[in-house]
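Positions are given from 1, in the same order as the sequence printed here. A quick note: this is a predicted structure, and the numbers were derived from the prediction, not measured.
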Amino acid sequence: MATQFFYCYQCHKKYPTHQTLFDTLYEFSRSSPENCPACGGARELRVSVDFQLGGGDGEFKVVSAFLPDKLESWLGEEEQEVTLYPFLVVLQNCEGKQFCWMPYWHVTGKEARYGQHAVCLESRQFDSLMAQFGERMLEPV
């Protein structure tokens, strides 16, 4: 379960998003948050995440959020179109350590369904996996 809010680091006010996490991340991947209505300062997106088993629980700053250039869709049950929205979200904890969180949603019609098994890796672990992937892609098949 995750909660999200905007935080102004000038006047230290918190503003709830009043949106689903899906909508908040989707908009954040497209543009920066609006400035603080109280002081006009820049705001950042923060999320509180419970990763279970004590694995990095707490409040994180959302550094960036990405979606693939092209989303995959298919016909699901009852011939409804299903679209997969796999995000790559870079989180930063209070010590400055960064993590790569990969939540995803299946959107059927207008309903976004959260993927429960979202992975969250420390950025060095993610970089290591991507480097191995890059090396493997250069090998002949």
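Rounding to the nearest 0.5 Å gives a distance of 9.0 Å between SG of Cys94 and CD of Glu59. Note that OG1 of Thr24 is 10.5 Å distant from NE2 of His18, once rounded to the nearest 0.5 Å. Residue Cys100 holds its SG atom at 6.5 Å from CG of Asp127, rounded to the nearest 0.5 Å. In this structure, OG in Ser64 is found 10.0 Å from CD in Gln92, a value given to the nearest 0.5 Å. Note that the CZ atom of Phe60 and the OG atom of Ser48 stand 9.0 Å from one another [nearest 0.5 Å]. How far SG of Cys120 is from CD of Gln125: 9.5 Å, rounded to the nearest 0.5 Å.
The shortest side-chain heavy-atom distance between Arg43 and Glu34 falls under the 4.5 Å cut-off. Between Val62 and Leu91, some side-chain heavy-atom pair lies under the 4.5 Å cut-off. Put simply, the side chain of Phe22 reaches to within 4.5 Å of the side chain of Phe87, judged on heavy atoms. With a 4.5 Å cut-off on side-chain heavy atoms, Trp105 and Leu21 count as touching. For the pair Pro37 and Tyr15, the minimum side-chain heavy-atom distance is below 4.5 Å. Side-chain contact between Val89 and Pro103 is present, with at least one heavy-atom pair separated by less than 4.5 Å. Using a 4.5 Å heavy-atom threshold, the side chains of Val90 and Phe99 count as separate.
Seen from the ring of Phe5, Arg46 does not count as a face-on cation partner, given the 6.0 Å and 45° thresholds. Geometrically, Arg30 engages Tyr26 in a cation-pi contact defined by less than 6.0 Å to the ring centre and at most 45° from the axis.
Residues Pro86 and Leu67 share a closest heavy-atom pair of O-CD2, 3.6 Å. Heavy-atom minimum distance, Gln10 versus Gly41: OE1-CA, 2.8 Å.
Residues Ser31 and Glu27 bring no donor and acceptor atom of their side chains to less than 3.5 Å of each other. Under 3.5 Å, the side chains of Gln4 and Thr17 contain a donor-acceptor pair of N or O atoms.
Ring geometry for Tyr7 against His12 counts as tilted: the plane angle lies between 30° and 60°, on a 0 to 90° scale.
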### Message
Between Leu75 and Gln80, is the side chain to side chain contact (heavy atoms under 4.5 Å, CB included) condition met? List the steps.
### Response
CA-CA 5 Å; Leu75 286 179; Gln80 270 193 315; over 6 Å; no
#### Entry: Steps toward side chain to side chain contact (heavy atoms under 4.5 Å, CB included) verdict (Trp74, Glu81)
CA-CA 6 Å; Trp74 60 90; Glu81 183 179 44; over 6 Å; no
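Although no hydrogens or angles enter the test, the distance criterion places no donor-acceptor pair under 3.5 Å between the side chain of Thr108 and the main chain of Glu111.
Tracing side-chain contacts under 4.5 Å through hydrophobic residues (I, L, V, M, F, W, Y), one reaches Leu121 starting from Phe66; they form part of the same cluster. Phe133 and Val119 fall within a single hydrophobic cluster, where Ile, Leu, Val, Met, Phe, Trp and Tyr are joined by side-chain heavy atoms under 4.5 Å apart, directly or via other members. Note on Phe28: it does not cluster hydrophobically with Tyr9, by side-chain heavy-atom contacts below 4.5 Å among ILVMFWY residues.
Of the charged side-chain nitrogens involved, at least one lies within less than 4.0 Å of a carboxylate oxygen, so that Arg124 and Glu122 count as a salt-bridged pair.
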